[in-house]
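Note on naming: letters A, B, ... go to the chains in the order of the sequence lines (proteins, then strands), and numbering restarts at 1 for each one.
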Amino acid sequence: MIKQIDVSLFSLRHTFESAQPLSFYADYNENGSVLSYAERGEIVKITHKGSVEKGMLEILSRDNSAAHDAFTRFRLKDRMPTIYKNISTDEHISNSISLYNGMRLTMNDPWETVLTFIISQFNNVKRIRLITKNIVNKFGRPVFGSNGEIIGREFPESKALLKATEKDFMALGAGFRSKYIVEAAEYCTHNIDLYKFSGSNYYKLKEDLMLIKGVGEKVADCIILMGYGNLKAFPIDVHVKRTVERLYFKGRKKKLREIQEFAEERWGRYRGYAQLYLFHNARTGSR
DNA sequence: ACCCAGGCGGGCG
DNA sequence: CGCCCGCATGGG
């Protein structure tokens, strides 16, 4: 069935290309208007029609839960005019917004976010995608087409990785992160329930997440932002750190703590969105 | 060949 | 604590 949702200030392409977890296992077509991913035993196909300012999302799937999921996943409830207004404190941000107008944060599965961002450390986006794809292909539940052929695989739950060893993940290209993956799968299956955590208590959640081996401050912030949807998280990676130091501190080195405080004061409760636009602009804009 | 990539854990002072 | 170092791997 096809479900339609009106969207404004939404860009499927920029959202996909912003390299959030969603993008690690989804595929999209050349002009960026069609996206598909495996979910709930089927392939969901999303088509974006119309303009960024005023358009429509068509969700093709077997039942209408996919439309509901897409609404959550693409954060369609977000009031972008308000958010843009709040984070447009200077021309650097507003330039990035006009370049990538309609780019949304995405709301992803917590475990998927834990795993992909463990893989992300000291790594580049291309290889993160490759490693993640290898893991999905090896451990993800297959989705079958009408002729019984495999047409995609879902992101594997932590339990599905328990049979694998560090060596297995090395073979999939995960490198030194392999031992973290093994331990995280174990820990998230047996010791904690990521789906019971509340995204609203930032400090408590961060503390809990950082007990996972391989999850430090930055990765925890990514999980809180893109896995739990708390816009107060402001992940500071090399790009964001350099950008903030260059733009707002005359190139002087600042401690992470200082940058956190700066972000909170400058962009307030929407600082997660500010981070997205800073990061994406720094990563793709000037290179 | 050399440098870097959405950092982190462990060890040391 | 705060700082520093090594770390798998592949692409530019």
Quiz item: Does A/K213 or A/M226 map to a spot on DNA chain B nearer the 5' end, using the closest nucleotide for each?
Solution: A/M226

Quiz prompt | Stacked cation flag A/R79 on A/Y270, 6.0 angstrom / 45 deg | solution = no

Self-check item: Distance, rounded to the nearest Å, where A/N134 contributes CG and C/dA8 contributes P
Solution: 18 Å

Quiz item: B/dC4 pairs with which nucleotide, Watson-Crick or G-U wobble, both distances below 3.5 Å?
Solution: C/dG10

Practice problem: Report the distance from atom CD of A/Q121 to atom C1' of B/dC4, rounded to the nearest whole Å. | Solution: 15 Å

Quiz item: Starting at the 5' end of DNA chain B and moving along, which residue's nearest nucleotide shows up first, A/A220 or A/N124?
Solution: A/N124

Practice problem: Would you mind reading off the distance between A/L130 atom CG and C/dT9 atom P, rounded to a whole angstrom? | Solution: 12 Å

Quiz prompt | Rounded distance (Å) that lies between atom P of B/dG6 and atom CG of A/D237 | solution = 7 Å

Quiz item: Contact class for A/S18 (heavy atom, under 4.0 Å): base, sugar-phosphate, or nothing?
Solution: base

Quiz prompt | Sugar-phosphate, base or nothing in reach of A/Q20, heavy atoms under 4.0 Å | solution = base

Quiz prompt | Whole angstrom value for the distance that separates P of C/dC7 from NZ of A/K179 | solution = 10 Å

Self-check item: Within 45° cone and under 6.0 Å: A/R73 NZ/CZ vs A/Y37 ring
Solution: yes

Practice problem: Give a yes/no on whether any side-chain N or O of A/R127 is located under 4.0 angstrom from OP1 or OP2 of C/dG12. | Solution: no

Quiz item: Does the ring centre of A/Y277 sit less than 6.0 Å away from the ring centre of A/Y84?
Solution: yes

Practice problem: Could you work out the separation of C/dG6 and B/dC4 based on their C1' atoms and round it to a whole Å? | Solution: 15 Å

Quiz item: Expressed in whole Å, how much space separates the P atoms belonging to B/dG6 and C/dG2?
Solution: 27 Å

Quiz item: Given A/F71 and A/L57, is the side-chain contact (heavy atoms from CB on, under 4.5 Å) satisfied, shown in steps?
Solution: CA-CA 10 Å; A/F71 192 86; A/L57 272 191; over 6 Å; no

Exercise. Grab the NZ-P distance between A/K126 and B/dG6 for me, whole Å please.
Key: 12 Å

Quiz prompt | B/dG11 and C/dA8, which share atom name P, separated by this distance in whole Å | solution = 15 Å

Practice problem: Using whole Å, report how far CG of A/L256 lies from P of B/dC8. | Solution: 9 Å

Practice problem: Identify whether any heavy atom of A/E183 sits under 4.0 Å from a base atom; if not, whether one sits that close to sugar-phosphate; answer base, sugar-phosphate or nothing. | Solution: nothing

Practice problem: For A/V215, answer base if it contacts any base atom (sugar-phosphate contacts may also be present), sugar-phosphate if it contacts only those atoms, and nothing otherwise; contact means non-hydrogen atoms under 4.0 Å. | Solution: sugar-phosphate

Quiz item: In whole Å, what is the span from the CD1 atom of A/I128 to the P atom of B/dC8?
Solution: 12 Å

Quiz item: Is the backbone N or O of A/P156 less than 3.5 Å from a side-chain atom of A/W111, with the two atoms forming a donor-acceptor pair by type?
Solution: yes

Self-check item: Residue closer to the 5' end of DNA chain C, A/K255 versus A/R177 (nearest nucleotide)
Solution: A/K255

